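To keep things clear, I will list the structure first and then write my remarks on it.
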Amino acid sequence: MSHAALRKSLLAWYRANRRDLPWRRTRDPYGIWISEAMLQQTRVETVLDYWPKFLQRFPNIAGLAAAREEDVLAAWSGLGYYRRARSLREAARAIVEKHGGEFPRERESVLDLPGIGPYTAGAVLSIAFDQREPLIDGNVARVFSRLFAIDDCLGTPKSERRLWDLARELLPRSQSPGDWNQALMEFGALVCTPRAPRCEECVLATHCAARIAGRVTELPRPKARPAVLDVELEVLIVRRGGSWLIEQRPEDAARMAGLWELPTREIGPATGLFRARWQPAGLFTPGREVGRVRHSITRHRIDVSVREATLAKRARLPAHFAWLRPRAESQLALTGMARKVLAFAN
DNA sequence: AAGCCGGGGTG
DNA sequence: CACCCAGGCTT
């Protein structure tokens, strides 16, 4: 299929099938940037809940730059990959410092911002500024690897180079590059899906190398995944009035730094994800188990034993403890696991 | 190049 | 269950 015919078919499909997503209703680079940061490794359905609230809370670059980090984390709470939130704020501050508060239009300047890599740079520049910049995300990688029967494992330098070369080559000259990039991603999300792709309704099927070779289900070749680790935790429900005792993770923690969680310790083999014993010792008297909760954090599969507990008499709580008042959850940067356990215990 | 970061939906 | 999602950063 000629590039021209390919573009025509896919753009026609996109015009007829594109979802009406809220961030597709704006041309504001700030809103588009926020959506792209949220969408990193995160499903559209999840972002639908967070994007409007985040924009209401931090309406523009200056507002985000002036915000306290804990407030940005609170708005991000539950989305995961919390470095994205910190980077967003840092990048907003850099834009105020170096670019007069206006989102930069030069690719190199955009790539200099923390949290923005090749994908996000291409997305914001093409969608917000109509620049002829390509992008590769998980969807586009899958579409291309099938369309052109690329055998190399995803993630290798060879396949990366090939994918970006293709993306650059296919980018239309006379049509909106933002629409084209979004058409590719939308097609991957709705038709050329990871499993059970809808080849019967695929407008590119007759020209799909994988389809012609009968290899759709074996492409793309996935990259090897790290082994899963099992973690066993004990989490305490300590009530005072209607409040719950919560504990802040250290600022220098490798993961979820500074976020709030319920008092937690690892029961099984230590992974370093959570502390090994209650701190300080003797503070809690654990009571009965009220239930178990399953959770996962990246490659860790977590089995949580939720226990009621009481504080020792005349306990002196260290400063990293606090009481979470009812209905104050939304204003605090709780971990997703803490939200899950609280919802369960309620 | 490989490992790491959250959390959840889906087949 | 396994897989992977509008990735980026660090080593």
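Letters go in sequence order (proteins before strands), and every chain restarts at 1. All values reported here derive from a predicted model rather than from experimental measurement.
Contact check, A:Arg195 against C:dC4: no side-chain N or O comes under 4.0 Å of OP1 or OP2. A:His295 has a side-chain polar atom (N or O) that falls below the 4.0 Å cut-off from OP1 or OP2 of B:dG7. Distances shown here put every side-chain N or O of A:Gln41 at or beyond 4.0 Å from the OP1 or OP2 atom of C:dC5. When the side-chain nitrogen and oxygen atoms of A:Arg142 are compared with OP1 and OP2 of C:dC5, one or more of them lie within a distance under 4.0 Å. Distances shorter than 4.0 Å separate some side-chain N or O of A:Lys340 from OP1 or OP2 on B:dG8. Regarding contacts with the backbone of C:dC4, a side-chain N or O of A:Arg225 is found under 4.0 angstrom from either OP1 or OP2.
Note: A:Ser87 OG to A:Gln40 CD = 8.5 Å, rounded to the nearest 0.5 Å.
Atom CZ of A:Arg299 and atom P of B:dG7 are 16 Å apart (whole Å). Rounded to whole angstrom, the span from the CH2 atom of A:Trp33 across to the P atom of C:dG8 amounts to 13 Å.
When each of A:Met337, A:Glu234, A:Arg265 is paired with A:Phe274, the side-chain contact (heavy atoms from CB on, under 4.5 Å) condition holds for A:Met337 and for no other.
Side-chain polar atoms of A:His320 and A:Gln248 form no donor-acceptor pair below 3.5 angstrom. Between the side chains of A:Glu36 and A:Tyr119, at least one donor-acceptor pair of N or O atoms lies under 3.5 Å. Residues A:Ser2 and A:Arg7 have side chains that never bring a donor and an acceptor to within less than 3.5 angstrom of each other.
DNA chain C is contacted by both A:Ser87 and A:Glu186; A:Glu186 maps to the nucleotide lying nearer its 5′ end (nearest heavy atom per residue).
When each of C:dG7, B:dG6, C:dC4 is scored by its nearest atom to the side-chain atoms of A:Arg84, the top-ranked nucleotide is B:dG6. Looking at the side chain of A:Ser296, the nearest of the listed nucleotides B:dG7, C:dG8, C:dA6 is B:dG7. Among C:dG8, C:dC5, C:dA6, the nucleotide with an atom closest to any side-chain atom of A:Arg43 is C:dC5. In this structure, of C:dC9, C:dC4, C:dA6, it is C:dC4 that holds the atom nearest to the side chain of A:Pro194.
The base of B:dG6 sits with one of its N or O atoms less than 3.5 Å from a complementary donor or acceptor on the side chain of A:Thr42. No hydrogens or angles were tested; on distance alone, a donor-acceptor pair under 3.5 Å links the side chain of A:Tyr81 to the base of B:dG6.
Distance check on atom P: B:dG8 versus C:dG8 gives 22 Å, rounded to whole Å. The C1' atoms of B:dG6 and C:dC3 are separated by 16 Å, rounded to the nearest whole Å.
Residue-level contact check: A:Met256 touches the backbone only, with heavy atoms under 4.0 Å from sugar-phosphate atoms and none from bases.
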